[in-house]
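All figures in this text were calculated on a predicted structure; none of them were measured in a lab. Side-chain atoms are counted along with the backbone in the values below, which use heavy atoms only and exclude waters and symmetry mates.
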Amino acid sequence: MPTPSTSRPPQRRLLTAVLTTVALLATVAVSACGGSADAVGTKDKLRIGYQRFGGLSLVKARGAAPDVEWSLFESGPALTEALKAGSIDIGQVGEAPPVFAAAGKIRFSVIGTSAPIPQGEAVLVKADRGYRSFADLKGKTVALNKGSNVHWLLVRLLEANNMTLKDIQVKYLRPAEGRPAFDGGQIDAWVIWDPYFALAEQPGVQVLADATGLASNREYVLATPRAVDKRSDEIRAFLQRYREVTDWGIAHPEERASTLAPELKIPQDVTSRALARSAKPLAPVTPAIGDELQAITDSFIALELIPGPVDLRSRIDGRFNEVFK
């Protein structure tokens, strides 16, 4: 009887050869780019979250940081959610978002701030409604973006007028929702910040109050702890460019407006008006800044708008302060 052949059919030999080749190619590909940045001399970009009008918009519009990755957010709360998700390394927000983010157990450090910007947020009403002061809004519908800088302004206005949240009907609307509700008369007042504030300043619109004497309305630069610890040199270099561009913009207001208007997609005259009151120099974070944020936090806790306790002072990280001095 013939001895059975141990050789495989030609079709199987061909299939085995093909699979072996594919496996070898996959191994080479993994070795070349499979997670080892050093192997190919590349590195992940620093990921920056910005809002359409924040100081970082000018950095982006001027192309001053070509080596970073930009992500646009409509509001501070949306940006802090991106910090939580790990999709950005640095972001810029107003006063209340760090408070709500810390209450939500989002991990971040406060690494920079700005000079106060009280004129950059306001309560808008229709002039024909006859409101003379914020106290006239008792029992009326007031809209704002929950957890944004204007949330703190609302709290301070209520305190200043011996009112509470129970004295008004609060409606939480994002900026894109607030403007049509305001224009259409569905709300009595809109608490909003620039540039939405400037865009809404049309004939028949009255500024009932801004934050002067009530809230600082600073901008805050937040960063993930991992980025601060692992990429401090990159962050320092980026913040230096941010500082330089901010100083340039303050010294050249007309060029700043013409640069930003296309980025913001709003008319240049509106951009100029908003920037005239809202573009301020950057500043280092100090214990006093920590106290300021903690006071806001404690007020929100007392009003049961966030759960406590929340320690904002511990989030202050001054290791990059020399850039802002």
Side-chain angles (χ1 to χ4, degrees), residues 48-65 68 70-76 79 90-98 110-124 145 148-150 152-153 175 191-201 207 209-222 238-286 289 292 320-321 323-325:
I48 312 297
Y50 75 107
Q51 297 183 60
R52 194 170 294 282
F53 189 70
L56 290 175
S57 290
L58 188 59
V59 179
K60 181 178 181 296
R62 293 201 78 204
V68 305
W70 295 95
S71 295
L72 175 63
F73 297 90
E74 184 185 30
S75 66
L79 190 150
I90 299 175
Q92 182 188 51
V93 298
E95 282 178 317
V110 183
I111 62 172
T113 186
S114 73
I117 316 169
Q119 297 86 8
E121 57 180 356
V123 181
L124 304 183
N145 192 86
S148 290
N149 54 338
V150 290
W152 176 234
L153 173 58
V191 195
I192 192 60
W193 64 90
D194 275 323
Y196 307 106
F197 169 15
L199 281 164
E201 287 183 286
V207 177
D210 64 22
T212 300
L214 297 170
S216 294
N217 189 34
R218 299 179 191 271
E219 291 184 343
Y220 290 93
V221 183
L222 311 183
F238 175 77
L239 293 177
Q240 182 63 45
R241 278 175 279 177
Y242 180 19
R243 163 72 187 274
E244 291 167 357
V245 170
T246 299
D247 291 347
W248 172 87
I250 291 171
H252 302 85
E254 292 184 7
E255 293 176 63
R256 176 182 61 193
S258 63
T259 300
L260 261 182
E263 175 73 24
L264 302 176
K265 297 180 174 59
I266 61 177
Q268 188 168 327
D269 62 325
V270 175
T271 304
S272 295
R273 183 168 68 252
L275 286 168
R277 63 190 172 215
S278 291
K280 301 295 181 181
L282 297 172
V285 289
T286 62
I289 294 297
E292 193 171 304
F320 304 106
N321 276 354
V323 173
F324 302 121
K325 293 179 179 178

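Closest approach of Asn321 and Val285 over heavy atoms only: ND2-O, 2.8 Å. The minimum heavy-atom distance between Gly76 and Val93, with the atom names listed, is CA-CG1, 3.8 Å. Of all heavy-atom pairs between Glu121 and Ala211, the closest is OE2-CB, 3.3 Å. Between Ala115 and Ala283 the shortest heavy-atom distance is N-CB, 4.3 Å. In terms of heavy-atom proximity, Thr246 sits nearest to Pro281 at CG2-CA, 4.2 Å. The minimum heavy-atom distance between Gly120 and Asn217, with the atom names listed, is C-ND2, 3.9 Å.
Side-chain N or O atoms of Ser57 include one that pairs as donor or acceptor with a backbone N or O of Arg52 at under 3.5 Å. The main-chain N or O of Lys325 is found under 3.5 Å from a side-chain atom of Arg243 such that the two form a donor-acceptor pair. Side-chain atoms of Ser272 never come within 3.5 Å of backbone atoms of Glu254 as a donor-acceptor pair (strictly under, hydrogens ignored). Judged by distance alone, with hydrogens and angles left aside, the side-chain atoms of Gln51 form a donor-acceptor pair with the main-chain N or O of Gln92 at under 3.5 Å. Put simply, the side chain of Arg241 never gets that close to the backbone of Val59: no donor and acceptor are under 3.5 Å apart.
Val207 has its side chain within reach of Leu124: a pair of non-hydrogen atoms, C-beta onward, lies under 4.5 Å apart. A heavy-atom distance below 4.5 Å is found between the side chains of Asn145 and Pro175. Leu239 is listed as a side-chain neighbour of Ile111, based on a closest heavy-atom distance under 4.5 Å. Put simply, the side chain of Pro98 reaches to within 4.5 Å of the side chain of Leu222, judged on heavy atoms.
With rounding to the nearest 0.5 Å, the separation of CZ in Phe320 from OH in Tyr242 is 14.5 Å. Note that OG1 of Thr113 is 13.5 Å distant from NZ of Lys280, once rounded to the nearest 0.5 Å. Annotation: the span from Thr259 atom OG1 to Gln268 atom CD amounts to 8.5 Å, rounded to 0.5 Å. Rounding to the nearest 0.5 Å places CD of Gln119 at 8.0 Å from OG of Ser278. In this structure, CZ on Arg218 lies 13.5 Å from CG on Asn149, to the nearest 0.5 angstrom. Interatomic distance, CH2 of Trp70 versus CD1 of Ile48, reported as 6.0 Å (0.5 Å rounding).
Ring geometry for Trp193 against Tyr196 counts as perpendicular: the plane angle is over 60°, on a 0 to 90° scale with 30° as the lower cut.
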Stepwise side-chain contact (heavy atoms from CB on, under 4.5 Å) test for Leu58 and Glu263: CA-CA 8 Å; Leu58 188 59; Glu263 175 73 24; over 6 Å; no

Verdict with supporting geometry, Ile117 and Arg277, side-chain contact (heavy atoms from CB on, under 4.5 Å): CA-CA 7 Å; Ile117 316 169; Arg277 63 190 172 215; over 6 Å; no

Worked check of side-chain contact (heavy atoms from CB on, under 4.5 Å) between Leu275 and Phe53: CA-CA 9 Å; Leu275 286 168; Phe53 189 70; 3.6 Å; yes

side-chain contact (heavy atoms from CB on, under 4.5 Å) evaluation trace for Leu56 with Lys60: CA-CA 6 Å; Leu56 290 175; Lys60 181 178 181 296; over 6 Å; no

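In terms of the ring pair (Phe, Tyr, Trp, His ring centres under 6.0 Å) criterion, Phe324 has no residue partners (sequence neighbours excluded).
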